[in-house]
Engineer: 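One structure coming up, written as structure tokens, with questions to follow.
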Number of protein chains: 2
Amino acid sequence: MNLTTAEENYLKAIYHLSDGGSKSVSTNDIAGEMKTKPASVSDMLRKLSDKEVIEYRKYYGVHITEEGKKRALQTIRKHRLWEVFLVDKLNFAWDEVHEVAEELEHIQSPLLIQRLDAYLNYPKFDPHGDPIPDEYGDVRARPRVPLNEMDLDQTGQIVAVKDSSAAFLRYLDKVGAYIGARIKVLDRVEFDGSLEILVDNKKNIFMSKDVAGNILVIQS
Amino acid sequence: MNLTTAEENYLKAIYHLSDGGSKSVSTNDIAGEMKTKPASVSDMLRKLSDKEVIEYRKYYGVHITEEGKKRALQTIRKHRLWEVFLVDKLNFAWDEVHEVAEELEHIQSPLLIQRLDAYLNYPKFDPHGDPIPDEYGDVRARPRVPLNEMDLDQTGQIVAVKDSSAAFLRYLDKVGAYIGARIKVLDRVEFDGSLEILVDNKKNIFMSKDVAGNILVIQS
DNA sequence: AAATTAAATTAGATTTAGCTAAAAATATAT
DNA sequence: ATATATTTTTAGCTAAATCTAATTTAATTT
């Protein structure tokens, strides 16, 4: 059974909102994510349910099925491979690629994706640091390293913190080192191990080795 | 005014059927080309006429407007650039690319096409030897050279013959050197200037310098 | 437990792109 | 010039994907 472009987009949204299929997702949340109205979502859920990519109990939200997960991961794979292409080959900035990849991901040609993958040298992560599922939908989660263990000039993305006390989070927020921020290690002071970090390609911040040790990063 | 994917495809068909806008085109011919029914074509012609990309007098066929020509050429440009990408970068065979390019040509991103063009080194012809219009829709027709003037290992496509006598055409037909055939110069005998030619990547043929001089080729 | 609020669904329209069948206009042939 | 054939258009229907407005179901509050 084939999915239309709209169905593919809904399925991807459901996959993301459900954290890869673990949670159940509400109609309203999907409407928010898809920038559409709940009424439209209800219609679409019936269709997706007919095609057996979700399990749908009216008024009780949806669960993605194994088949649905596989389909969603294929779409995500295509999206992320195209993002790598746009950044690595066509010199797009990493924050310019999403919209175009959103269109490219719906091109139907398994051969194209296979060849593109090879051409890009089988990348495992997209320009945002998100993992690229393989042909079979397997995803290898990227190892997380404490920020203070990164090499000089290494780039990465903040994905989590070890110490989640309010004080620490408040500090991070203040300096702009939010979860999801793109960072680069600009300098390391040998004396105390403190770091100079570039955040989102625009803001330089300094932090102690201690602080950096509590920030988890995926490298890219 | 933006065109939908379907409208873009109809406009391209009209452009081709009208020989680049010089002839008027009938509803039936469009239906044939688009593999759809004349009734559907009538509907679409009304839409294209509303958007002022064609001039439409009921029962008397259509003419493409200047604006329509520009739009069609942009779509053709995108199609052919993607074909070059697929062949040059992803190692598709030149006869495998059409369907995929048919989808890729509808991706909406001027920046993407600009970057792709640069990445491919501003190609002037697609893998079938057809010219790629520039950003402004200008097309430079490819120069035709007699086959005997081609260099060793050069590839190209047969586009015309100088001598169109029945005997000559019968000979060409017999050896498989039809108009449109892809050829490659494999060897040249210094003694008499005769050539060994690979046709459509599968058949080796030999021909005298005289014969080759009567075959016009575009190089690729 | 009843009333209120929030969330989700249904009913009924709209738009796009297709279809079939019938009607109308144009072209051709006797 | 009338009849026939061909081409084209219109009318009316379907399916996908949206919308608004109304209704129904579930959750929350008092």
Side-chain angles (χ1 to χ4, degrees), chain A residues 1-15 17-18 23-64 68 71-72 75 99 102-103 105-108, chain B residues 1-15 17-18 23-64 68 71-72 75 99 102-103 105-108:
Chain A
M1 190 93 75
N2 269 351
L3 301 180
T4 65
T5 293
E7 286 168 346
E8 244 172 44
N9 282 332
Y10 271 95
L11 193 58
K12 205 169 46 128
I14 293 167
Y15 179 85
L17 290 170
S18 68
K23 292 192 294 197
S24 130
V25 182
S26 77
T27 301
N28 259 357
D29 286 354
I30 298 169
E33 178 79 9
M34 297 296 296
K35 284 160 185 173
T36 181
K37 304 287 145 153
S40 312
V41 175
S42 286
D43 278 351
M44 184 52 86
L45 293 183
R46 198 183 30 69
K47 291 179 200 161
L48 291 175
S49 183
D50 287 350
K51 296 193 175 180
E52 298 182 359
V53 292
I54 60 169
E55 257 162 44
Y56 177 39
R57 265 187 60 209
K58 274 189 212 170
Y59 297 105
Y60 287 91
V62 293
H63 254 290
I64 198 162
R71 303 290 194 104
T75 307
E99 277 64 37
E102 206 65 23
E103 290 191 57
E105 75 187 9
H106 299 294
I107 306 286
Q108 300 289 4
Chain B
M1 189 93 74
N2 270 351
L3 301 180
T4 65
T5 293
E7 286 168 347
E8 246 173 43
N9 283 331
Y10 270 96
L11 193 59
K12 204 169 46 129
I14 293 167
Y15 179 85
L17 290 169
S18 69
K23 294 191 293 195
S24 127
V25 182
S26 77
T27 301
N28 259 0
D29 286 353
I30 298 169
E33 178 78 10
M34 298 295 295
K35 285 161 183 171
T36 182
K37 305 287 145 159
S40 310
V41 175
S42 285
D43 278 351
M44 184 53 88
L45 293 183
R46 196 184 30 71
K47 290 179 199 163
L48 290 175
S49 183
D50 287 349
K51 296 193 175 180
E52 297 179 2
V53 291
I54 60 170
E55 255 161 44
Y56 177 39
R57 264 188 60 211
K58 276 188 211 174
Y59 297 103
Y60 286 92
V62 293
H63 254 291
I64 198 162
R71 303 290 193 105
T75 307
E99 276 65 35
E102 206 64 22
E103 291 191 56
E105 75 188 10
H106 300 295
I107 305 286
Q108 301 290 5

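Worth knowing before you read on, the calculation uses all heavy atoms, side chains too, and leaves out hydrogens, waters and symmetry mates. Small disclaimer: the values here were computed from a predicted structure and weren't measured. Order of the sequence lines sets the chain letters (A, B, ...), proteins ahead of strands, with each chain counted from 1.
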Engineer: In whole angstroms, how far is the C1' atom of C/dT26 from the CG atom of B/Asn28?
Structural biologist: 13 Å
Engineer: Can you measure B/Tyr56 atom OH to C/dA25 atom P for me and round it to whole angstrom units?
Structural biologist: 13 Å
Engineer: Nearest whole Å is fine: how far is D/dT9 C1' from B/Tyr60 OH?
Structural biologist: 14 Å
Engineer: Could you state the atom-to-atom distance from CG of A/Leu3 to P of D/dA15 in whole Å?
Structural biologist: 19 Å
Engineer: Rounded to the nearest angstrom, tell me the gap between atom CG in B/Asp43 and atom C1' in C/dT20.
Structural biologist: 13 Å
Engineer: Does D/dT10 have OP1 or OP2 sitting under 4.0 Å from an N or O in the side chain of B/Lys58?
Structural biologist: yes
Engineer: Looking at every strand, decide which applies to A/Ser40 at a 4.0 Å heavy-atom threshold: base, sugar-phosphate, or nothing.
Structural biologist: base
Engineer: So what does B/Thr27 touch, heavy atoms closer than 4.0 Å: a base, only the sugar-phosphate, or nothing?
Structural biologist: sugar-phosphate
Engineer: Among the candidates C/dC19, D/dA16, D/dA26, find the nucleotide nearest to the side-chain atoms of A/Thr4.
Structural biologist: D/dA16
Engineer: If you check every side-chain atom of A/Ala6, which of C/dG18, D/dT18, D/dT9 has the closest atom?
Structural biologist: D/dT18
Engineer: So do B/Met1 and B/Glu7 actually touch side chain to side chain, heavy atoms under 4.5 Å?
Structural biologist: no
Engineer: Of the candidate nucleotides C/dG18, C/dT9, D/dT18, which contains the atom at the shortest distance from the side chain of A/Tyr10?
Structural biologist: D/dT18
Engineer: Using whole Å, report how far OH of A/Tyr59 lies from C1' of C/dA8.
Structural biologist: 5 Å
Engineer: Nearest nucleotide by nearest heavy atom, which residue falls closer to the 5' end of DNA chain C, B/Ala39 or B/Lys51?
Structural biologist: B/Lys51
Engineer: Pick the closest DNA chain D nucleotide for A/Thr36 and for B/Asp29 by heavy atoms, then say which residue is nearer the 5' end.
Structural biologist: B/Asp29
Engineer: In whole Å, what is the span from the NZ atom of B/Lys47 to the P atom of C/dT14?
Structural biologist: 16 Å
Engineer: Tell me, yes or no, whether the heavy-atom count around B/Lys51 atom NZ, taken from other residues, nucleotides or ligands under 6.0 Å, exceeds 12.
Structural biologist: yes
Engineer: D/dT18, C/dT9, D/dA27: which one has an atom nearest the side-chain heavy atoms of A/Met44?
Structural biologist: D/dT18
Engineer: Can you tell me if CD on A/Glu102 sees more than 12 non-hydrogen neighbours from other groups inside 6.0 Å?
Structural biologist: yes
Engineer: Please report the distance, rounded to the nearest Å, between CG in B/Asn2 and P in C/dT15.
Structural biologist: 18 Å
Engineer: Does a side-chain heavy-atom distance below 4.5 Å link B/Ile54 with B/Val25?
Structural biologist: no
Engineer: State, yes or no, whether a side-chain contact exists between A/Tyr56 and A/Leu48 at a heavy-atom distance under 4.5 Å.
Structural biologist: no
